[in-house]
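Letters go in sequence order (proteins before strands), and every chain restarts at 1.
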Protein chains: 2
Amino acid sequence: MPDTAAYSETEEKIFLAALEEFSRNGRQGARLQDIADRAGINKALIHYYFRSKDRLYNDVFTFVIRRYFLQMGETIRPGDSFETTLRDFVDRYIDLLDENPALPFFILRDIAEGAPMMSEKVGEVLLPHAGNIPHRFTESCERAARDGEIRPIDSVQTLITVMGACIYFFAGYPVLSAAIPRLKRQRRRFLRERKQHIVDIVYYGLKPRPEESE
Amino acid sequence: MPDTAAYSETEEKIFLAALEEFSRNGRQGARLQDIADRAGINKALIHYYFRSKDRLYNDVFTFVIRRYFLQMGETIRPGDSFETTLRDFVDRYIDLLDENPALPFFILRDIAEGAPMMSEKVGEVLLPHAGNIPHRFTESCERAARDGEIRPIDSVQTLITVMGACIYFFAGYPVLSAAIPRLKRQRRRFLRERKQHIVDIVYYGLKPRPEESE
DNA sequence: GTCTATATCTCGATAGAC
DNA sequence: GTCTATCGAGATATAGAC
């Protein structure tokens, strides 16, 4: 749940309703009347508190993205082996997406529009506050390659592969779960296995292992 | 480029402009005036040819998805080793996304809205015409595990990992390329390497290999 | 701060001239 | 087939009472 402590009770009701409606229907598709109904307040109050639909969207987006970047920034600790870094990153990223089902759609929708909000926030929040997560991930990857822990594989490619493997379950869920019923029936179990699978396949690959020593 | 041979010249101009605008701004966000401007024709002509905005969207979506499913259906040949299956699948999938930059956003946007169109088309096009690609991929994966070519890893997890690894480059491009300049500067080269990387990392993993025999 | 009523505007859709 | 002009629905935004 968002920490909206700085808001009054009414403001918070509007904020949470807006978050829900914007995620479902997008910036244009969302209706102020629906937001007001969901919040259980009058439509005019939205303008009283947030001035306009655009400002409301801006506030909601900024809040969600800031929290997203900050939480992801906590996943990478400089001293760890790359296996640990990878495991923590995947674990935290999937939990984050699972706890915020609206998040992938929120971001992807913005990206589809040319990422006006994201590009703004990348410079404003990601780089200064979250310590540039991509850069820290690739650094950890490259150090591990120098130490001989892993093969010298392009670290940016690896990052994109790992992030894609994590996010696609959530982004593709409505279609995937229609074709594969157990995603819905055993979602928790499948997600637990998903974390293990990604680390396992990225780290060890599909090939049979010569000997097991783990 | 879509094969819109059945359309007149004006229809085709509208169709292509609509494809572009719907991808960028979504079903709701797209404006008929913008579509008309992009096509270089009058707004009323859209209604003359396509009756309504909803029908236009429906036509565009159906066309794009049908072609997408059909092209993906060609990638998996039953007799191949899983390494070949994987390589062909990744190669074709990335080419397809590269040739149709609007495609990921088109699909993801529909999914964000609860996938009303996709769920319809999955039943109508994917299953009967494209021979159920996910099923064929997982079958190939499971047979390879029985034959000892690969480890007995959950084939559905593998499919989701591979698709996510392919699509995320395109879906995340506007943000990724802002943080990593070479994605834009050397796009063609990076994409070529991306195909190799995905097959390599999924099949062999990050761990150093005991001996090279390829 | 919260509500009702209404003004303003945007956009899809149609009518009708050519 | 293509254009101009306009209608009408529906949404955002504001005015003003309480």
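Judged by distance alone, the side chains of T84(A) and S81(A) do bring a donor and an acceptor atom under 3.5 Å apart. H197(A) and T161(B) form a side-chain donor-acceptor contact under 3.5 Å, judged by distance and modelled atom types alone.
Across all strands, Y49(B) comes closer than 4.0 Å only to sugar-phosphate atoms, never to a base (heavy-atom distances).
Note: Y68(B) and Y93(B) have tilted aromatic rings, judged against thresholds of 30 and 60 degrees for the angle between ring planes.
Of the residues in residues 27-43 of chain B, those lying under 4.0 Å from DNA chain C by heavy-atom distance are A30(B), R31(B), L32(B), K43(B).
First and last contacts of DNA chain C with chain B, using any nucleotide atom under 4.0 Å from a protein heavy atom and ordered 5' to 3', fall at dC11(C) to dT14(C).
Straight-line distance from the NE2 atom of H47(B) to the P atom of dG8(D): 16 Å, rounded to whole Å. Computed from coordinates, the K53(B) NZ to dG8(D) C1' distance equals 17 Å when rounded to whole Å.
Side-chain contact between F190(B) and I160(A): present, with at least one pair of heavy atoms (C-beta onward) separated by less than 4.5 Å.
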Report the C-alpha distance between Q196(B) and D200(B) in whole Å, list the side-chain angles of each, state the deciding distance to 0.1 Å, and finish with yes or no for side chain to side chain donor-acceptor pair (under 3.5 Å).
CA-CA 6 Å; Q196(B) 287 177 5; D200(B) 185 61; over 6 Å; no

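Between K43(A) and D37(A) there is no salt bridge, since no side-chain nitrogen of the basic residue lies less than 4.0 Å from a carboxylate oxygen of the acidic one. Using a cutoff of 4.0 Å between basic side-chain nitrogens and carboxylate oxygens, R136(B) and E139(B) are not scored as salt-bridged.
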Distance-only criterion, 3.5 Å: show the donor-acceptor pairs between side-chain atoms of residues 109-120 of chain A and protein atoms not counting sequence neighbours.
{"from": "R109(A)", "atom 1": "NH2", "to": "S23(A)", "atom 2": "O", "distance (Å)": "3.4"}
{"from": "R109(A)", "atom 1": "NH2", "to": "R24(A)", "atom 2": "O", "distance (Å)": "3.2"}
{"from": "D110(A)", "atom 1": "OD1", "to": "M117(A)", "atom 2": "N", "distance (Å)": "3.2"}
{"from": "D110(A)", "atom 1": "OD2", "to": "M117(A)", "atom 2": "N", "distance (Å)": "3.4"}
{"from": "D110(A)", "atom 1": "OD2", "to": "M118(A)", "atom 2": "N", "distance (Å)": "2.8"}
{"from": "S119(A)", "atom 1": "OG", "to": "A115(A)", "atom 2": "O", "distance (Å)": "2.2"}

